[in-house]
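This structure is in structure tokens; I'll ask about it shortly.
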Amino acid sequence: MKDRRFYGPLYAFILCDCLTWFWCLCLVGGVNPLAGTSMDFLFEFKHKHSVGSWFVFTFVWGYMGGVNGLAGHELIHKKDPFNKMLGMFTFSKMLYSHFLLEHSNGHHRNIATPLDTATARRNENFYIFALRSALGGVRNTFRREVDRVISESKEFGQDKEPGLITHIVNNRMTWFTTLHAFILIVVKTFFGWRSVFFQLGYSLVGIFFIELINYVEHYGLKRKKDSNDVYEAIGE
């Protein structure tokens with residue numbers, strides 16, 4: 001807990017990004033929380049309502065959301081729940097919450113092997129990689145969660161496989177999906193459909209840059225296997 005003072009810059013980065021995200025939703029939805037005050041100009045949408053303007057606006061702020069994922073990435077590696085959940089929030093507002101589990105339980109274990117969808121193969125096209133990594137991360141996380149639910153049921157002495165309800169309720173991917181749906185419902189309720197479309201575009205651009213970072217950082221990495229068919233340790 002006492003180490004949190006050293007995370008000040010990360011917290012400030014996340015706070016600023018959260019506030020600009022809210023600001024964008026207000027601008028796009030035509031919502032001015034400061035209406036009637038001397039500061040209401042802060043929420044005036046001064047851009048043209050052309051396709052090009054909307055694309056640039058969404059791209060710029062989606063990019064900022066993706067960059068903010070760097071701060072979230074640092075915090076999800078911390079052990080205490082506060083930092084881990086704050087780090088996950090940076091991905092949740094891009095509808096990418098599963099990154100918390102995929103990065104820690106999948107990527108760290110399987111990096112530089114064919115099992116890791118976040119490791120780009122040599123000469124692999126970025127766009128193919130980004131699609132494979134994004135969808136593969138969701139699939140891998142879901143599969144691990146299914147295995148975890150089954151394993152935990154056996155630990156409690158259950159001989160048969162858990163039922164459908166248990167699988168749904170105990171699978172964290174269910175709760176991530178519910179959280180994303182809740183975010184979209186809140187955006188629709190308070191900011192309108194235009195902001196929903198912005199949210200989807202914002203998330204898509206943010207994920208694009210998250211996967212671009214993965215592509216650059218892990219491109220062409222490949223761990224060798226020893227005589228026992230075991231991958232070499234990371235860092236060798």
Side-chain angles (χ1 to χ4, degrees), residues 3-76 78 81-100 127 130 134 175-216:
D3 292 332
R4 285 185 183 174
R5 65 181 183 274
F6 299 114
Y7 303 150
L10 292 179
Y11 294 161
F13 189 18
I14 291 173
L15 176 61
C16 288
D17 186 67
C18 180
L19 291 176
T20 54
W21 174 54
F22 172 75
W23 175 77
C24 288
L25 292 172
C26 288
L27 257 64
V28 173
V31 176
N32 193 334
L34 298 180
T37 71
S38 60
M39 301 293 288
D40 62 354
F41 66 91
L42 292 175
F43 289 89
E44 291 180 5
F45 192 84
K46 300 179 181 179
H47 302 276
K48 295 180 179 179
H49 290 277
S50 65
V51 174
S53 294
W54 283 110
F55 176 81
V56 172
F57 183 82
T58 303
F59 185 86
V60 168
W61 292 109
Y63 164 77
M64 295 304 295
V67 171
N68 189 244
L70 294 172
H73 169 263
E74 292 302 316
L75 292 179
I76 63 175
K78 308 306 177 184
F82 175 81
N83 280 317
K84 196 172 287 292
M85 291 301 101
L86 186 60
M88 191 190 82
F89 173 76
T90 67
F91 298 101
S92 293
K93 64 185 180 60
M94 292 182 286
L95 313 181
Y96 217 52
S97 300
H98 76 280
F99 187 88
L100 171 70
Y127 299 101
W175 297 105
F176 290 155
T177 303
T178 302
L179 173 61
H180 298 164
F182 176 75
I183 290 174
L184 291 175
I185 290 173
V186 169
V187 170
K188 166 60 176 66
T189 302
F190 292 96
F191 304 102
W193 278 111
R194 185 178 290 177
S195 291
V196 171
F197 293 129
F198 166 80
Q199 175 64 55
L200 295 175
Y202 170 89
S203 300
L204 185 63
V205 174
I207 292 170
F208 174 90
F209 281 102
I210 289 172
E211 296 304 341
L212 179 59
I213 293 171
N214 275 333
Y215 182 80
V216 173

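Position 1 is the first residue of the sequence, and the numbers go up from there.
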Between side-chain atoms of residues 54-68 and protein atoms elsewhere (two or more places apart, or another chain), which donor-acceptor pairs fall under 3.5 Å?
from, atom 1, to, atom 2, distance (Å)
T58, OG1, W54, O, 2.9
N68, ND2, F13, O, 3.4

Original post:
Closest heavy-atom contact between K78 and E74?
Top reply: CE-O, 3.6 Å
**OP:** Nearest 0.5 Å please: distance from the CG atom of L34 over to the CG atom of L42.
**Re:** 6.5 Å
Original post:
Less than 4.5 Å apart, any side-chain heavy atom of Y11 and any of L15?
Top reply: no
**OP:** Any chance you could measure I183, atom CD1, to K93, atom NZ, to the nearest 0.5 Å?
**Re:** 10.0 Å
**OP:** Please work out whether the ring planes of F198 and Y202 are parallel, tilted or perpendicular, with thresholds of 30° and 60°.
**Re:**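 F198 vs Y202 ring planes: tilted.
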Original post:
Take atom CH2 in W23; do more than 12 heavy atoms of anything else shown fall under 6.0 Å from it?
Top reply: yes
Subject >> S195 side chain to V187 backbone, donor-acceptor under 3.5 Å >> reply: no
**OP:** To the nearest 0.5 Å, tell me how far F182 CZ sits from W175 CH2.
**Re:** 13.0 Å
Original post:
Between K84 and I76, is there a donor-acceptor pair closer than 3.5 Å when you use the side chain of the first and the backbone of the second?
Top reply: yes
**OP:** Could you pull out the closest heavy-atom pair between L179 and S97, with the gap in Å?
**Re:**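 Residues L179 and S97, closest heavy atoms: CD2-OG, 3.8 Å.
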**OP:** For residues F191 and F22, determine if any side-chain heavy atom of one lies less than 4.5 Å from a side-chain heavy atom of the other.
**Re:** yes
Original post:
Any idea which heavy atoms bring Y7 and N83 closest together, and the distance?
Top reply: CE1-ND2, 3.1 Å
Original post:
Do the side-chain N and O atoms of Q199 and S203 include a donor-acceptor pair separated by under 3.5 angstrom?
Top reply: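 Note: Q199 and S203 side chains meet the donor-acceptor criterion.
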**OP:** Please report the shortest heavy-atom distance between I207 and M94, naming the atom on each side.
**Re:** CD1-O, 3.7 Å
Subject >> Spacing of L204 atom CG and F209 atom CZ [to the nearest 0.5 Å] >> reply: 10.5 Å
Original post:
Can you list the residues that meet the side-chain hydrogen bond (donor to acceptor under 3.5 Å, both in side chains) rule with T177, with sequence neighbours excluded?
Top reply: none
Original post:
With a 4.5 Å heavy-atom cut-off, do I14 and L86 have their side chains touching?
Top reply: yes
Original post:
Could you state the interatomic distance from CE (M88) to OH (Y96), rounded to the nearest 0.5 Å?
Top reply: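 Going from the CE atom of M88 to the OH atom of Y96 covers 14.5 Å.
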Subject >> Sub-4.5 Å side-chain heavy-atom contact between L200 and L184 >> reply: yes
**OP:** For L10 and L75, run side-chain contact (heavy atoms from CB on, under 4.5 Å): C-alpha distance rounded to whole Å, both residues' side-chain angles, the deciding distance at 0.1 Å, then the answer.
**Re:** CA-CA 8 Å; L10 292 179; L75 292 179; 3.9 Å; yes
Subject >> Minimum heavy-atom distance F43-C26, with the two atoms named >> reply: CD2-CB, 3.5 Å
